[in-house]
Amino acid sequence: MNRICELLGIKYPIIQGGMAWVATAELAAAVSNGGGLGLIAAGGAPAEVVREQIKKARTLTDKPFGVNVMLMNPNADEIMRVIIEEKPAVVATGAGNPGKYIAGLKEAGIKIMPVIASVAMAKRMEKAGADAVIAEGTEAGGHIGELTTMVLTPQVVDAVSIPVISAGGYADSRGTRAAFALGADGIQVGTRFICSTECLAHENYKNAVLKAKDRDAVVTGRSTGAPVRALKNKLTREYDRLEKEGASFEEIEALGVGGLRRAFEEGDVQTGSLMAGQSAAMVKAIEPCADIIQDYFKGVEF
Ligand code: TUI
């Protein structure tokens, strides 16, 4: 049996990316009901909102699901306390080192899968007791590392013995086959799930992903040390301008505040932050999560 399916008790070795704002209880439950592992994204939310989301997901699915904790969130400690009380099956983390939380999560019987962007971090997480790692390449959307999925995945596979989930750039069954060829045990998908029927993102955001072409998912914020990939628009052009002018870190960061909410809720495709990976160019339709999952595994043995 596939190691990720066994570890998580799921049918297909696919987990949904923890996209801030986008990954609600509704999306997570739809992915889990479709046979993958859905994740609620804590993003920048307060801890009590995360608790409500976990409770809501429980009303929508009887399958395992998880929570993604973005470690740059100043409420991360409190969110982890709520998670240990509510006991979702899995915690994934992003944008930092979850080391100090691992023992507490394991004690509560919660599986822990950190997103990592380097071999060194993968090894550290294995030593610290992680159940699996999610190796995310720079093709992914949102906050990213430097290495591509193609070179990061096999190096992480060689460096650790826990299961490896490969992320960044996976748009269809060709990618899934490639992930297994690289030695991965499963894939993580974010962008294509934005274009799911069950995703609550504004239709303008979904349509922007559908319309995206090969070079439209651009990176801003390299100069501030927190690079983010999103679809090119007025906001990303404004970032580029400020960075070129050598604006202060604070000025650049201020530009992005509220950007995800503007994209997700208001459908503001000009000043909103349309975080998406390079695979946006390969997303062709809005479909139910269960159909999307089936398409990733069409003709794929695992
Ligand atoms: O976390 C993500 N993607 C994200 S988080 C996010 S919210 C945000 N909004 C505005 C600005 C910045 C972030 C949007 N997208 N992916 C997982 C990921 N984690 N990618 C890279 C990493 C990572 C980076 C460094 C993981 C660990 C790490 O270690 C640093 C250390 O402590 O050594």
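Note that the structure is predicted; figures quoted are calculated from it, not measured. Indexing begins at 1, ligand by ligand and atom by atom, following the structure's order.
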**Item:** The one among A230, G168, P114, A95 that brings a heavy atom closest to atom 22 (C) of ligand 1
**Value:** A95
**Request:** Could you tell me whether R237 and D240 make a salt bridge, using a distance below 4.0 angstrom between a side-chain N and a carboxylate O?
**Result:** no
**Complete:** Here the atoms of ligand 1 under 4.0 Å from any heavy atom belonging to M72 are 12 (C), 13 (C)
**Message:** Within ligand 1, which atoms have a heavy atom of G142 less than 4.0 Å away?
**Reply:** 14 (C), 15 (N)
**Request:** With heavy atoms of V228 as the reference, note each atom of ligand 1 found under 4.0 Å away.
**Result:** 11 (C), 12 (C)
**Prompt:** Does a salt bridge link R229 with E139, judged by any charged N lying under 4.0 Å from a carboxylate O?
**Reply:** no
**Request:** Give the C-alpha distance, both sets of side-chain angles, the deciding distance and a yes or no for side chain to side chain donor-acceptor pair (under 3.5 Å) between E126 and S161.
**Result:** CA-CA 8 Å; E126 176 176 53; S161 48; 3.0 Å; yes
**Asked** By number and element, which atoms of ligand 1 are closer than 4.0 Å to a non-hydrogen atom of M121?
**Response** 29 (O), 33 (O)
**Request:** List every atom of ligand 1 that sits less than 4.0 Å from any heavy atom of N97, numbering the atoms from 1 in the order shown and giving each element.
**Result:** 32 (O)
**Asked** Should the pair F180 and F302 be assigned to parallel (<30°), tilted (30 to 60°) or perpendicular (>60°) ring geometry?
**Response** parallel
**Message:** For R261, is there an ion pair with E265 - N to carboxylate O distance below 4.0 angstrom?
**Reply:** yes
**Prompt:** Considering only the protein, which heavy-atom contact is closest to atom 30 (C) of ligand 1, and what is its distance?
**Reply:** G96 CA, 4.3 Å
**Asked** Should the pair R241-E238 be classified as a salt bridge under the 4.0 Å nitrogen-to-oxygen rule?
**Response** yes
**Asked** So is A20 in contact with ligand 1, going by heavy-atom distances below 4.0 Å?
**Response** no
**Asked** Below 4.0 angstrom, N of the basic side chain to O of the carboxylate: do R177 and E301 qualify?
**Response** no
**Request:** Report, in ascending order of atom number, the atoms of ligand 1 lying under 4.0 Å from any heavy atom of E136.
**Result:** 16 (N), 17 (C), 18 (C), 20 (N)
**Request:** Output yes when R3 and E6 qualify as a salt bridge under the 4.0 Å nitrogen-oxygen rule, no when they do not.
**Result:** no
**Asked** How far is atom 18 (C) of ligand 1 from its nearest protein heavy atom, and which residue and atom is that?
**Response** V115 CG1, 3.5 Å
**Message:** To check your reading of the model: name the closest protein heavy atom to atom 5 (S) of ligand 1, its residue, and the distance in Å.
**Reply:** M70 CG, 3.5 Å
**Message:** On the six-membered ring of F65, is R58 placed so that its NZ or CZ lies under 6.0 angstrom from the centre and within 45° of the ring axis?
**Reply:** no
**Request:** Would you mind running through ligand 1 and noting each atom that sits below 4.0 Å from a heavy atom of M275?
**Result:** 9 (N), 10 (C), 14 (C)
**Request:** Check H143 against ligand 1 and report side chain, backbone, both or neither, counting heavy atoms closer than 4.0 Å.
**Result:** both
